[in-house]
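The structure appears right after this line, and notes come after that.
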Amino acid sequence: MKNNDIIITVYGAQQICASCVGAPGSKDTYEWLQAAIARKFVDDDFQFEYVDIDHPPDNDQKQNFVQKIWDDELLYPVVLVNEEIVAEGVTMLKKVYRALESRGAVMRETEK
């Protein structure tokens, strides 16, 4: 599997989640993930997508997911790898890395 078959989606908002006070904001998490993944894996040709829960795109699947966040079923930011939730609220890199590896992403030699 090529890395560009891996889509990392972050759902979040400009305002920090009330349960995540002191944690980085959603957009900061999105940018941090891009940089961390590029450093850790051989090819940084992953697809990244940020979904603003205050202004979701005109897409039923994304709007339904956003509704779960607003219904307090999930804490944001929510990080998905190929549509599977791998983190919510405070994002732990190890979980994201494991999800990427399980989908065929290759770590840099210096990281093994």
Side-chain angles (χ1 to χ4, degrees):
M1 172 182 283
K2 292 176 60 179
N3 286 348
N4 61 6
D5 294 330
I6 299 175
I7 301 168
I8 297 115
T9 307
V10 177
Y11 285 81
Q14 186 171 353
Q15 181 178 359
I16 293 176
C17 172
S19 298
C20 303
V21 174
S26 299
K27 197 70 163 181
D28 292 333
T29 297
Y30 172 73
E31 292 168 356
W32 170 67
L33 281 172
Q34 287 178 318
I37 290 168
R39 284 191 307 270
K40 184 84 169 176
F41 292 91
V42 173
D43 186 353
D44 62 352
D45 192 25
F46 297 94
Q47 291 181 41
F48 288 88
E49 178 181 27
Y50 181 80
V51 178
D52 184 336
I53 63 174
D54 292 320
H55 307 285
D58 189 17
N59 172 301
D60 287 342
Q61 181 181 1
K62 288 186 175 30
Q63 288 180 353
N64 289 336
F65 195 86
V66 166
Q67 189 58 50
K68 289 181 182 181
I69 296 170
W70 286 123
D71 290 342
D72 292 327
E73 293 179 36
L74 299 165
L75 299 175
Y76 63 89
V78 181
V79 179
L80 288 84
V81 174
N82 289 358
E83 301 302 321
E84 179 185 331
I85 298 172
V86 296
E88 64 173 300
V90 178
T91 302
M92 305 301 284
L93 274 177
K94 286 184 179 187
K95 290 181 179 182
V96 176
Y97 290 164
R98 278 195 299 266
L100 296 174
E101 289 178 67
S102 73
R103 286 160 180 82
V106 179
M107 282 195 298
R108 295 183 185 279
E109 284 297 319
T110 57
E111 298 294 330
K112 291 183 179 179

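The first residue in the sequence is number 1, and the count goes up from there. Just so it is clear, the values below take in all heavy atoms, side chains as well, and ignore hydrogens, waters and symmetry mates.
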Q) Thr91 and Trp32: side chain to side chain contact (heavy atoms under 4.5 Å, CB included), yes or no, with the steps? A) CA-CA 10 Å; Thr91 302; Trp32 170 67; 4.1 Å; yes
Tell me, with the steps shown, if Leu33 and Leu93 meet side chain to side chain contact (heavy atoms under 4.5 Å, CB included).
CA-CA 8 Å; Leu33 281 172; Leu93 274 177; 3.8 Å; yes
State the [atom1]-[atom2] distance between [X] and [Y], to the nearest 0.5 angstrom.
X      : Y     : atom1 : atom2 : value
Phe48  : Ile7  : CZ    : CD1   : 11.5 Å
Arg103 : Glu84 : CZ    : CD    : 4.5 Å
Lys95  : Glu88 : NZ    : CD    : 9.0 Å

With [X] via side-chain hydrogen bond (donor to acceptor under 3.5 Å, both in side chains) - residues at least two apart:
X     : answer
Thr9  : Glu49
Gln67 : Asp71
Tyr97 : none

request  = Count the heavy atoms of every other residue, nucleotide or ligand shown that sit under 6.0 Å from CD of Gln63, and state whether that count exceeds 12.
outcome  = yes
Is any side-chain heavy atom of [Y] closer than 4.5 Å to one of [X]?
X     : Y      : result
Phe46 : Val81  : no
Ile8  : Leu100 : yes
Leu74 : Tyr11  : no

Scanning both residues in full, the closest heavy-atom pair of Val79 with Val10 reads CG2-CG2, 4.2 Å
- [ ] Please name the pair of heavy atoms, one in Val42 and one in Met107, separated by the smallest distance, quoted to 0.1 Å.
- [x]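 Reported closest heavy-atom pair: CG2-O, 3.3 Å.
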Throw together a table of side-chain donor-acceptor distances under 3.5 angstrom for residues 53-61, partners on residues two or more places apart or in other chains.
unit_1	atom_1	unit_2	atom_2	d
Asn59	OD1	Gln61	N	2.9
Asn59	OD1	Lys62	N	2.9
Gln61	NE2	Glu83	OE1	3.2

By side-chain contact (heavy atoms from CB on, under 4.5 Å), Ser26 pairs with (sequence neighbours left out) Tyr50, Tyr76, Pro77
